[in-house]
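Here is the structure we will look at.
Naming convention: chains lettered A, B, ... in sequence-line order (proteins, then strands); numbering from 1 in each chain.
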2 protein chains.
Amino acid sequence: MFYTVGEMAKKIGLAPSTLRYYDKEGLLPFVERSSSGIRMFKDADFEWLQVIECLKKTGMQLCDIKRFVEMAMQGDETIDERLFLIKKQHQAVEKQIDALNETLKTLEFKTWYYETAKAAGTTEIPRNMPLSDLPEEYREIRKKLRGE
Amino acid sequence: MFYTVGEMAKKIGLAPSTLRYYDKEGLLPFVERSSSGIRMFKDADFEWLQVIECLKKTGMQLCDIKRFVEMAMQGDETIDERLFLIKKQHQAVEKQIDALNETLKTLEFKTWYYETAKAAGTTEIPRNMPLSDLPEEYREIRKKLRGE
DNA sequence: ACTTGACTTAAAGTTGAGTTTAACTTATAT
DNA sequence: ATATAAGTTAAACTCAACTTTAAGTCAAGT
């Protein structure tokens, strides 16, 4: 079962040009070619592309993903390194989620801010509200925004 | 209480060149200048920078952040629009968190995969393991990776 | 034989978000 | 008065990750 670059691109949801670019950059050393130079993607290559997409979503750069792929091509002697790298990325993603949750808190404060402003007809009401009148859950975040 | 571009850059943790760039792009219309053209940041401007950083963290582009700032400069008539935009960004961030949690699941599968490979000395053991032997929590994710 | 459509390549172009550079001005300390 | 440190500008440069273009190859269908 082989796929051309266009077929695989469709299957994985990327542009064919992107797959060619990845190949050119050395991220797809496992993709074989026909005698006339046409890329022949296998089902196992789809799995590789999924892994590459997963690592991209963690924020890993293509050059680092390339090194991971190269490790895998070297075989079982690099299992330890690969395990370490995956664990590191897991940590990195957990950190990103924490950061986004912080961002959510700020957006929730701003939602309260504009809802209060909307009810009052002016942003002056929430802006000048004394800390003691502010809903308790927003006090810390307002302090942080104001650099206090 | 005024800050130069360098002082404010330090306070907010960005490069002075970044603040100048934001100013040039029209993100900081509220920053005043001295008679000799020196930027004079106020404490209220620090709060603005924090909001800009928050919106950046949601993945919003600078040109869209600029439109938000411009709305705010227009005053109370845009409260509704701003509230809507903040709510939209809140949703967007929730979606990003969901995506990262999906990514975490894949990384957890890969961790199991390499830990099993490490114990066996070869990736062939986890790779060729029948679905029925696979820990239940990894079955769906392996199917997804293999495009099944 | 010819058209169509998908493939190939190398190289140039794009986008977003800055950073760097060059030439210059201003403010402060000695 | 001068050195130093920090500021100014516009414009060029960088970087990652693609995308587009130009020129060409190849296989299948009419």
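For the segment residues 28-53 of chain B, residues with any heavy atom less than 4.0 angstrom from an atom of DNA chain C are, sorted by number, B:S36. Contact check of residues 88-96 of chain A against DNA chain C (heavy atom, cut-off under 4.0 Å) returns no residues at all. Listed in residue order, the members of residues 3-11 of chain A having a heavy atom less than 4.0 Å from DNA chain C are A:T4, A:V5, A:G6.
Here the C1' atom of nucleotide C:dA17 and the CG atom of B:D23 are 16 Å apart, to the nearest Å. In this structure, the CZ atom of B:R20 is 12 Å from the P atom of C:dT20, given to the nearest Å. One atom, OH of A:Y21, and another, C1' of C:dT9, lie 16 Å apart when rounded to the nearest Å. As a whole-Å value, the separation of A:L19 CG from C:dA6 P is 16 Å.
Looking at B:D80 and A:Y114, their side chains never bring a donor and an acceptor atom within 3.5 Å of each other.
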Write out a two-atom table: protein N or O, nucleotide N or O from nucleotides 13-15 of chain C, distance below 3.5 Å.
none

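In this structure, B:K56 places its NZ atom where more than 12 heavy-atom neighbours from other residues, nucleotides or ligands lie under 6.0 Å away. Counting non-hydrogen atoms of neighbouring residues, nucleotides and ligands closer than 6.0 angstrom, the NZ atom of A:K105 reaches no more than 12 such neighbours. For B:K118, the NZ atom is loosely surrounded, since the number of other residues' heavy atoms within 6.0 Å does not exceed 12.
Among residues two or more places apart in sequence or in another chain, the ring-ring contact (aromatic ring centres under 6.0 Å, His included) test is passed with A:F2 by none. In this structure A:W112 satisfies the ring-ring contact (aromatic ring centres under 6.0 Å, His included) test together with A:F109, A:Y138, sequence neighbours excluded. Residues satisfying the side-chain contact (heavy atoms from CB on, under 4.5 Å) criterion with A:K144, sequence neighbours excluded, are A:E102, A:T106, A:I141. By the salt bridge (Lys or Arg N to Asp or Glu O under 4.0 Å) test, B:K87 is found to be paired with A:E115, residues two or more places apart in sequence or in another chain being considered. Remark: A:D23 engages A:R33, A:R39 in a side-chain hydrogen bond (donor to acceptor under 3.5 Å, both in side chains) (not counting sequence neighbours). By the side-chain contact (heavy atoms from CB on, under 4.5 Å) test, B:Q61 is found to be paired with B:C63, B:D64, residues two or more places apart in sequence or in another chain being considered.
Not one N or O on the side chain of A:E32 forms a donor-acceptor pair closer than 3.5 Å with the backbone of A:F41.
By the 6.0 Å and 45° rule, A:K11 stacks over the aromatic ring of A:F46. Remark: A:K110 is positioned above the aromatic ring of A:Y113, its terminal NZ or CZ atom under 6.0 angstrom from the ring centre and at most 45 degrees off the axis.
Here B:Y22 reaches the OP1 or OP2 of C:dG18: one of its side-chain N or O atoms lies under 4.0 Å away. Within the structure, every side-chain polar atom (N or O) of B:K24 is placed at least 4.0 Å from both OP1 and OP2 of C:dT19.
Contact detail for B:C54 and A:T103: the closest heavy-atom pair is O-CG2, 3.8 Å.
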After noting the C-alpha distance and the side-chain angles of B:K10 and B:E7, does the key distance pass the salt bridge (charged side-chain N to carboxylate O under 4.0 Å, His left out) rule? CA-CA 5 Å; B:K10 201 159 216 171; B:E7 287 162 354; over 6 Å; no
Just do the salt bridge (charged side-chain N to carboxylate O under 4.0 Å, His left out) check on A:D98 and A:K95 with the steps written out, would you? CA-CA 5 Å; A:D98 289 349; A:K95 246 184 140 172; over 6 Å; no
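Counting 5' to 3', DNA chain D first comes under 4.0 angstrom of a heavy atom of chain A and last does so at the ends given by D:dA17 to D:dT20.
Of the residues near DNA chain D, B:P16 and A:L14, the one whose nearest nucleotide (by heavy atom distance) lies more toward the 5' end is B:P16.
Between A:W48 and A:F30, the two ring planes are parallel [angle under 30°; tilted spans 30° to 60°].
Contact of the B:I97 side chain with the A:L104 side chain is registered, since non-hydrogen atoms from C-beta on lie closer than 4.5 Å.
At its two ends the helix from C:dA1-D:dT30 to C:dT30-D:dA1 runs along axes set 10° apart, each axis drawn from five pairs and the angle rounded to 10°.
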